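Here the structure comes first, spelled out in structure tokens, and everything after it is commentary.
None of the values given here were measured: they were computed from a predicted structure. Hydrogens, waters and symmetry mates play no part in the numbers below; they use all other heavy atoms, side chains included.
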Amino acid sequence: MSLRVLTFLVLACSLSFSQSSPIDPALSKITIHVDKTGVFSFAGDKHEVTAPLASGTVDEKAGTVEFSIDARKLQVLDPQLDPNKRAEVHKTMHSAAVLDSTKYPEIKFRSIAAAPAGTNTWNVTGDLTLHGQTHPVTVQVKKETQNGKAAYAGSTKLKQTDFGITPVSVGGGTVKVKDELKLDFDVVTH
């Protein structure tokens, strides 16, 4: 058997055993909930930001997931805000003072372990790269089916300061963004 034929067979076998499913970016999203704190927090705004997934894969058999987000495509939703104020919040979020999405255009997650936590539920631990820093994150994930497709949902919390981001503060700190953010995610595969 020639080396070329052997290489082809090894590659074909490895592909046939792969259970990796691509993530459907059109149906998948992460929603970031940003809360406020401070003496006059009642005067501040809560924000909701959408982070569309650019690409990724889920391999349930291997217990792995990875995805990437183009940080420049994060959008402030906040329909209750005046459009000019929403545009200002969006500009601040992408600025060098917060995400610095021009310098750090990619947000990535790559799992390192997945432990069963019930029926169709796992505790997934992985490395999240945000703002040029990588730190471990643990997320509880539940699998459901949506229109015949595998859908994975869950939420987690993380601190901005863990990733070198200083929460926005106005009015001498009387109103500021909380350090802790809540992330809800819905990941659907093809």
Side-chain angles (χ1 to χ4, degrees), residues 21-37 41 44-58 65-83 85-95 97-101 104-111 114 117 120-131 133-147 149-163 165-168 175-190:
S21 299
I23 290 173
D24 186 341
L27 298 176
S28 302
K29 70 176 180 173
I30 296 176
T31 304
I32 305 158
H33 303 276
V34 184
D35 211 346
K36 60 195 182 216
T37 187
S41 62
D45 300 304
K46 292 182 178 183
H47 301 293
E48 192 171 286
V49 176
T50 186
L53 276 69
S55 64
T57 59
V58 174
V65 62
E66 61 181 64
F67 61 80
S68 67
I69 297 168
D70 184 341
R72 298 166 296 190
K73 293 188 178 180
L74 269 68
Q75 293 288 320
V76 177
L77 299 177
D78 299 352
Q80 76 283 3
L81 280 183
D82 173 86
K85 187 166 184 185
R86 185 171 46 248
E88 181 183 318
V89 170
H90 181 83
K91 183 178 177 183
T92 300
M93 175 181 72
H94 286 284
S95 73
V98 184
L99 284 177
D100 201 357
S101 56
Y104 306 109
E106 187 176 46
I107 300 168
K108 295 189 305 186
F109 177 81
R110 180 183 299 263
S111 65
N120 290 326
T121 305
W122 301 266
N123 288 324
V124 178
T125 302
D127 290 327
L128 177 66
T129 301
L130 168 66
H131 197 248
Q133 296 190 21
T134 303
H135 295 285
V137 174
T138 299
V139 176
Q140 187 169 75
V141 179
K142 179 143 182 83
K143 179 184 177 184
E144 299 173 347
T145 303
Q146 294 178 1
N147 299 321
K149 296 182 177 189
Y152 303 87
S155 66
T156 192
K157 294 181 179 181
L158 61 87
K159 290 186 176 184
Q160 297 178 76
T161 52
D162 288 347
F163 294 89
I165 299 171
T166 302
V168 174
V175 179
K176 55 187 172 181
V177 169
K178 277 189 176 179
D179 187 16
E180 187 175 79
L181 306 175
K182 181 181 179 226
L183 287 76
D184 293 327
F185 61 89
D186 294 293
V187 174
V188 180
T189 59
H190 282 286

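The number of heavy-atom neighbours closer than 6.0 Å to CG of Asp82, taken from other residues, nucleotides and ligands shown, is above 12. Within 6.0 Å of the NZ atom in Lys159, the count of heavy atoms belonging to other residues, nucleotides or ligands does not exceed 12.
The OG1 atom of Thr138 lies 14.5 Å from the NZ atom of Lys157; values are rounded to the nearest 0.5 Å. For the atom pair CH2 (Trp122) and NZ (Lys142), the distance works out to 8.5 Å, reported to the nearest 0.5 Å. One finds the OG atom of Ser55 at 10.0 Å from the CZ atom of Phe67 (value rounded to the nearest 0.5 Å). The distance from the CD1 atom of Ile32 to the CG atom of Leu74 is 5.0 Å, given to the nearest 0.5 Å. In this structure, CD1 on Ile69 lies 8.0 Å from CG on Leu128, to the nearest 0.5 angstrom. Atoms CG and CE, from Asp100 and Met93 in turn, are 12.5 Å apart once rounded to the nearest 0.5 Å.
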What's the verdict on side-chain contact (heavy atoms from CB on, under 4.5 Å) for Glu66 and Thr57, showing C-alpha distance, side-chain angles and the deciding distance? CA-CA 6 Å; Glu66 61 181 64; Thr57 59; 3.6 Å; yes
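A donor-acceptor pair under 3.5 Å links the side-chain atoms of His131 to the main chain of Phe163, judged by distance alone. A side-chain donor-acceptor contact under 3.5 Å links Ser28 to the backbone of Val188. Between the side chain of Gln140 and the backbone N or O of Thr156 there is no donor-acceptor pair closer than 3.5 Å. Proximity of a side-chain donor or acceptor of Asp186 to a complementary backbone N or O of Ala153 within less than 3.5 Å is not detected.
Remark: of the listed residues Val124, Asp127, Ile30, Val124 is the sole one forming a side chain to side chain contact (heavy atoms under 4.5 Å, CB included) with Phe109.
At a threshold of 4.5 Å between non-hydrogen side-chain atoms, the residues Glu106 and Thr129 do not count as touching. Counting only heavy atoms from C-beta outward, the side chains of His135 and Val137 never approach each other to under 4.5 Å. Taking the side chain as every heavy atom from C-beta outward, Lys178 and Val34 never approach each other to under 4.5 Å. Side-chain contact between Pro25 and His190 is present, with heavy atoms from C-beta onward closer than 4.5 Å.
In terms of heavy atoms, Val98 sits closest to Thr92 at CG2-O, 3.3 Å. Taking every heavy atom of both residues into account, Leu81 and Arg86 meet most closely at O-NH1, 3.1 Å. Contact between Ser21 and Thr189 at its shortest, heavy atoms only, is CB-CB, 3.9 Å. Between Lys73 and His94 the shortest heavy-atom distance is N-CE1, 4.4 Å. The minimum heavy-atom distance between Tyr104 and Ala71, with the atom names listed, is O-CB, 3.6 Å. Annotation for Leu27 and Lys149: closest pair CD1-NZ, 3.7 Å, computed over non-hydrogen atoms.
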Donor-acceptor contacts, no H, no angles, side chain residues 47-54, under 3.5 Å, sequence neighbours left out:
{"unit_1": "His47", "atom_1": "ND1", "unit_2": "Asp78", "atom_2": "OD2", "d": "2.4"}

